[in-house]
Amino acid sequence: MQKGDHLFLVDGSAYIFRAYHALPPLTRKSDGMPVGAVSGFCNMLWKLVEESRDTSVGVAPTHFAVIFDHSSTTFRNALYDGYKANRPAPPEDLRPQFGLIREAVRAFDLPCIEKEGFEADDLIATYARLAREAGGDVTIVSSDKDLMQLVGPGVILYDQMKDKRLGPEEVREKFGVYPEKMIDLQALVGDSSDNVPGIPGIGPKTAADLLETFGTLEALLERADEIKQAKRRESILANVDQARLSKRLVTLDQHTPLDVPLDDLFIHEPDGEKLVAFLKAMEFTTLTRRVAAKLGTDAADVAPAKVDAKAPARGPDLDPAAPAGDTQLAMSPKALAAERLAQAASQPVDRSAYVTIRDEATLERWIARAYETGILAFDTETTSLDAMKADLVGLSVAVSPGEAAYVPIAHVGEGAGDLLSGDEAKEGVGAQIPLGRVLDLLKPVLTDPAILKVGQNVKYDYLVMLRHGIALQPFDDTMLISYVLDASSSLEGHGMDELSERLLGHKPISYRELVGTGKAAKAIAACPIDKVTEYAAEDADVTLRLWRVLKPRLAAEGMISVYERLERPLVPVLARMEERGIRADRQILSRLSGRFALKAAGLEADIHILAGEPFNIGSPKQLGEILFGKLGLPGGKKTKTGQWATDAKLLEDLAAQGHDLPRRIVDWRQITKLKGTYTDALPVYMDEADRIHTSYSLASTTTGRLSSSEPNLQNIPVRTQEGREIRTAFVAAGGHKLLSADYSQIELRLLAHMAEIPQLVEAFQAGQDIHATTASEMFGVPVEGMPADVRRRAKAINFGIVYGISAFGLAAQLAIPQGEAASYIKRYFERFPGIRDFMDRTKSFAKETGYVETLFGRRAHYPDIRSSNPQVRAAVERAAINAPIQGTAADIIRRAMIRMEDALRAERLSARMLLQVHDELVFEVPDEEIEATIPVVKRVMEGAADPVVELVVPLVVDARAAGNWDEAH
DNA sequence: TACAGATCTTA
DNA sequence: GTAAGATCTGTAC
């Protein structure tokens with residue numbers, strides 16, 4: 001190397017993590033191997049190589065290397081055994097990619113440098129020194145602040161993602177000191193991600209101030225008694241040794257022994273064939289094409305390389321898969337999760353430390369802090385629990401445990417500022433930053449790929465921010481993490497207050513406590529800002545603390561892929577569905593309401609005459625007294641609370657015996673139900689554009705299904721004629737149709753697959769009527785000309801199996817004696833012995849582990865399966881048998897939903913997904929696109945299990961379009 | 001005002 | 001027999 005030469009040093013390990021976190025997960029089509037980080041890495045590297053080949057830019061490298069951390073202990077661990085001790089293990093689906101990425105660097109024909117016992121940063125420091133001494137220039141491709149100490153004459157940092165070059169001036173702008181003082185600054189501030197202690201209470205601003213005054217760290221430590229601020233002085237005096245230790249930890253070693261001499265890093269033209277072969281093996285079609293074109297290689301002529309992902313898969317630092325006894329410092333994910341839990345309980349929440357942010361400069365400082373910690377817990381305070389109606393009242397943020405603040409935006413009344421005297425408002429005592437400014441300042445952080453946003457029930461905040469034009473990204477959701485880890489029938493839910501009490505041992509201020517209860521309740525915007533600060537900042541603080549406890553458990557318990565592939569990506573999809581809403585027809589609903597009212601009134605009059613007195617028909621208590629007390633009808637049963645039972649089944653039986661009154665009561669109940677729950681209630685939910693926006697919950701079922709509320713659009717009537725008419729009120733917008741696509745018999749198909757029942761699998765493969773086939777197997781009746789009743793019985797049994805059948809339940813369903821039902825079940829098990837095996841297998845797995853699993857790895861926990869109460873145990877066993885089937889179906893439609901929008905976009909279709917009803921998706925489609933849309937929707941839904949699970953039965957989707965939901969369904 | 005129970009709607 | 005949510009009543013506070 002000589003003067004005029006230029007060395008590029010790529011911080012490979014940092015690159016990997018950035019590529020991984022900045023990009024959506026991606027799997028190789030052919031085998032589902034995670035390759036998202038590899039793809040991001042290759043794209044970035046190619047861009048860099050391509051730019052550098054363009055000599056017109058004038059910064060073309062003559063030398064080039066990619067440098068990685070090597071998983072092992074470094075000299076820093078000898079200095080301080082806590083060094084990097086709280087670094088989380090890399091995510092599970094990233095680990096196999098470490099080896100692939102090293103392969104990628106070799107495919108690019110670039111030197112891939114790593115050395116046992118040294119961090120990438122030390123190697124970079126050493127190469128940079130050598131290059132500079134030889135008279136060359138250096139560009140370090142990284143944005144890590146640890147490398148800023150190397151910046152100086154001839155050495156700059158290049159942040160490729162932000163396309164920013166950092167020289168001494170930029171470093172000073174960012175940290176308030178020139179690069180020569182970065183080491184001293186880092187020693188004072190410390191680094192929570194590397195567990196460098198620093199001096200408590202000293203942040204980057206204070207550190208820069210101190211260095212400005214005292215010149216160097218040593219001078220500061222010697223003359224610390226001159227510091228005026230008592231707290232600061234005491235903290236520094238108490239931690240002199242810790243600061244010196246920190247300095248040694250953050251100082252990069254510029255004299256590491258090198259295996260590859262500097263001159264060997266000389267750049268040469270990449271081997272097109274080798275690179276294309278690798279990219280083909282990874283199945284990166286776009287990049288393969290681009291690279292082949294640029295390097296003049298014909299991609300069609302190149303065979304994919306044989307890439308062994310396993311061989312060099314030892315990750316960089318902190319590989320939890322490392323063998324025990326290895327000197328590595330890394331904590332296993334399990335140990336980390338345990339430590340975080342212990343830590344959480346011992347760090348008390350201090351509400352008095354929370355800050356109210358009332359001016360832009362302060363907000364900017366908090367944002368800068370988020371860039372330092374890389375994480376921002378975030379919560380919105382609004383005027384409504386309904387995200388579609390909610391206006392922002394304020395925002396809270398947290399950047400580290402205990403370090404949280406509240407930004408009031410639209411508070412009114414006392415203490416809000418507008419009632420204060422002008423002077424006070426100017427002084428900032430009661431000021432609020434205008435909404436527009438808050439959003440302008442926050443948008444870059446909220447969408448910055450390098451800053452992880454953490455929320456609790458993110459879909460809510462996502463929707464609120466989406467309505468202000470901000471698409472939160474990337475994010476983690478503590479509610480969803482908890483749900484993935486602890487979905488259970490017996491545990492409570494995943495709400496923040498519950499999680500906080502359970503995991504942190506801390507009871508946050510409840511919303512009720514803040515605003516008051518009942519009539520006395522205030523709008524949050526009218527609450528005193530200091531009180532709201534305590535409440536809101538605490539929410540952000542608690543969310544961040546929960547995240548620190550919960551996130552490592554994902555790795556420890558092997559649940560990362562469920563969270564990252566089935567939960568998190570669904571949040572934006574559902575947010576958009578909720579935002580769109582579905583159109584309803586006011587006229588149809590009000591006409592139906594009128595008709596139902598008339599009919600109910602007629603029935604009510606008849607009922608009162610038949611009963612001999614007026615009474616409240618809607619009161620089961622009064623009704624029971626009339627039927628079984630006054631009129632003395634037979635068959636009176638008591639519910640568990642001692643009331644007369646008056647359920648529909650029982651009234652139907654009485655009606656069948658020729659009693660008029662019960663029949664009319666059943667009819668009255670149906671009509672009033674339809675009116676009260678649907679035709680009267682739905683119009684209240686309609687917005688100005690006549691659209692209804694339901695809210696989906698991702699975390700309220702044990703099995704992985706979604707639920708819908710306010711209003712529940714997953715239980716709109718369909719079975720009776722009068723009920724179906726309500727569906728005709730759900731309509732498409734002008735020029736559009738509603739397209740309904742539903743999985744046919746998905747749960748039975750999954751049962752056939754999971755229990756491996758040859759007859760059922762074959763029947764599904766041949767596209768036969770599954771209930772008729774079952775009946776034929778069981779009763780020996782040919783399918784041709786089978787009586788409807790025989791098929792009906794088989795159908796009930798099939799459903800029963802999925803529900804974890806009992807003779808009692810089947811008997812009730814078919815209205816046959818329990819003994820007869822038992823003999824059906826016995827015969828079913830004889831004909832399909834695999835079913836009994838499957839059920840036994842599932843039960844014993846659940847007893848052993850306490851949970852059951854779907855084909856995609858989702859878990860449902862059933863601790864009560866070990867109950868000593870046989871009734872309880874039997875009920876839990878049925879649930880445990882049903883959960884893998886229902887849950888796998890839920891996983892499959894989730895996968896379809898996550899892929900659907902991209903698939904439609906790729907075909908340039910404008911269909912919009914509106915509703916999910918467990919096995920059905922409803923879209924709104926422009927009239928002229930219907931024919932083109934149907935096959936795309938079917939393809940995505942039918943292929944949704946691929947490539948992770950290869951089903952032996954086909955999934956079949958029926959799709960139909962019409963002007964309203966009734967005709968489409 | 002808040003909550004539990006009964007009933008009924010869906011997949 | 002599985003999984004949900006809404007409405008209404010009646011009661012406890």
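To find a chain, count down the sequence lines: A is the first, B the second, and so on, and within it residues start at 1. Just so we're clear, the structure is a prediction, and the values are computed from it rather than from any experiment.
One finds a side-chain N or O of A:Ser619 lying less than 4.0 angstrom from the OP1 or OP2 phosphate oxygen of C:dG10.
Within the nucleic acid shown, A:Arg878 comes within 4.0 Å of sugar-phosphate atoms alone, with no base atom in reach, counting heavy atoms only. As judged by a 4.0 angstrom heavy-atom cut-off over every strand, A:Ala681 is placed among residues touching the sugar-phosphate backbone only. Within the 4.0 angstrom heavy-atom criterion, no nucleotide atom of any strand lies near A:Ala812. Among the atoms of the strands shown, only primed sugar atoms or phosphate atoms (P, OP1, OP2) are found under 4.0 Å from some heavy atom of A:Thr677. Looking at heavy-atom distances under 4.0 Å, A:Val917 makes contact with sugar-phosphate atoms alone, never a base. As judged by a 4.0 angstrom heavy-atom cut-off over every strand, A:Glu710 is placed among residues touching the sugar-phosphate backbone only. Using a 4.0 Å heavy-atom distance criterion, A:Thr639 is classed as a sugar-phosphate-only contact. Looking at heavy-atom distances under 4.0 Å, A:Asp742 makes no contact with the nucleic acid at all. At the heavy-atom level, A:Ile881 lies nowhere under 4.0 Å from the strands shown.
As rounded to whole Å, 13 Å separates atom C1' of C:dT9 from atom NZ of A:Lys673. Between the CG atom of A:Asp919 and the C1' atom of C:dA3 there is a distance of 13 Å, rounded to whole Å.
Nearest nucleotide to the side chain of A:Gln813, out of B:dT7, C:dG1, C:dG10: C:dG1.
Taking 4.5 Å as the limit, some side-chain heavy atom of A:Leu661 sits within range of a side-chain heavy atom of A:Ile607.
Ion pair A:Arg595/A:Glu725 flagged as a salt bridge, since at least one NZ, NE, NH1 or NH2 atom sits closer than 4.0 Å to an Asp/Glu carboxylate oxygen.
Contact of A:Gln886 with C:dT2 (side chain to base): a donor-acceptor pair of N or O atoms is detected under 3.5 Å.
Under the 3.5 Å distance criterion, the side-chain polar atoms of A:Asp864 are left unmatched by any main-chain donor or acceptor of A:Ser867. Side chain of A:Tyr743 to main chain of A:Met941: a donor-acceptor pair is present (N/O by atom type, distance under 3.5 Å, no hydrogens or angles). A distance-only check finds no donor-acceptor pair linking the side chain of A:Arg878 to the backbone of A:Tyr803 [under 3.5 Å].
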